[in-house]
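First the structure, in the form of structure tokens, and then the observations on it.
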Amino acid sequence: MLLSISYPDYQLDAQLLTPVLAILDAHQDPYLKQGLVAAGCVVKLAIEGKRLLLGLVYPYPCMTQYRDTVMAITNKLAVLDAIDEVECEIDFQPRVYSAITSVAPIANVKQVIAIASGKGGVGKSTTAVNLALALKAEGAEVGILDADIYGPSIPLMLGIPHFRPQSPDGKMMTAASAHGISAQSIGFMLGDGEAAVWRGPMAAGALVQLLNETQWPELDYLIIDMPPGTGDIQLTLSQKFPVSGAVIVTTPQDIALADAQKGITMFNKVQIPVLGIVENMSFHLCPECGHKEHPFGTHGGSKIAERYNVPLLGALPLNINIRESMDNGAPSVVKEPESEVSGIYREIARQLGAQLALQQIKSTVSISISDDE
């Protein structure tokens, strides 16, 4: 791969350039599975005296890993005699990618990610909320849309059930803000205990309004918590909005896996890439003795991921703290950011961001090949 880097203020010695690039490209990114040069992460490379100036831009959010990354790269470059000091700057810049190029983008939104499941009761909404917060913790600007028109749960899970959108101009609605992310839900517009008793087309129309008529701030990712199943709302989203990819949430049990396969098949039919599988309630750790049990079976998520050639983004335990924190409006990622569960959610967030970046690379390569032909 040819690398073109401009550095108008400094001149990098040509003899030093080759070993520096070799070291950088030998540093394999664990999520992109490429060296930093091949992955296009190196955007600045210059030398001032015996000080090396290095700028890296990652296409996925990984703020909690920055310190370890800088230390690892600095240690590798320190072996070069011509360098006494390495100054490394790391930034996050999402690669804008849409699987559907025939529809207009949502204002202020760079990436749209659908979190889906074939059936209810697998912890999809819990995963969507914690994943949105994990992406925020990794340095991204994130919003979440509750697309479950009949059973909205995001207001309660974020601890803002009494928020009501305002419309300063009579056209657009304000979004809620909680724990550093933006949120919108039909639940904000319904009274306590009130239900949206609508036919499918009306529910799909409500989704369109929520997406298009919300004043979203500048977002790197908009997470859409989909209703279970493969009905009108799913089809409306896939046909009218530029969805970058989907994540399928399942549990290890056979009946959930069978429904998860239907979700994968649906997204494949509408040409939205499935970015990966999240296996929820994967295991239970006894709080007394630490014994690991698998009440819903084992390896279900990894088997379906292998069958459809998509990554298993992560496996989450059956943990009462996850449920209690959602009921209290303080999700695990913000309530206990240093816990093992929060660490799993952040790992899934990094994996997801990297998969989106890789999808864009595949799309670019495909377009180039098509153009050459």
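On a predicted model such as this, the values are computed, not experimentally measured, just so you know.
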Donor-acceptor pair, side chain of [X] and main chain of [Y], under 3.5 angstrom:
X    : Y    : answer
D259 : S117 : no
D84  : K50  : no
K124 : P228 : no
H179 : G329 : yes
Q111 : R95  : yes
Q271 : I100 : no
E138 : M63  : yes

Could you check whether any side-chain heavy atom of [X] comes within less than 4.5 Å of a side-chain heavy atom of [Y], counting everything from C-beta outward?
X    : Y    : value
I248 : V278 : no
Y345 : I322 : yes
I224 : L211 : yes
P165 : M189 : yes
R307 : Q261 : yes
I186 : Y150 : no

Quick one: ring pair (Phe, Tyr, Trp, His ring centres under 6.0 Å) partners of Y31, sequence neighbours excluded? Y60
Are E347 and Q351 close enough that a side-chain donor and a side-chain acceptor fall under 3.5 Å? yes
Cut-off 3.5 Å, side chains only: do N130 and S332 have a donor facing an acceptor? no
Taking atom [atom1] of [X] and atom [atom2] of [Y], what is their separation to the nearest 0.5 Å?
X    : Y    : atom1 : atom2 : answer
M202 : I149 : CE    : CD1   : 11.0 Å
E340 : L316 : CD    : CG    : 10.0 Å
S167 : Q215 : OG    : CD    : 7.0 Å
S282 : N319 : OG    : CG    : 12.5 Å

Heavy-atom count check: over 12 atoms from other residues, nucleotides or ligands less than 6.0 Å from [X] [atom1]?
X    : atom1 : answer
N309 : CG    : no
K269 : NZ    : no
K76  : NZ    : yes

Hey, is E306 close enough to K303 for a salt bridge, meaning N to O under 4.0 Å? no
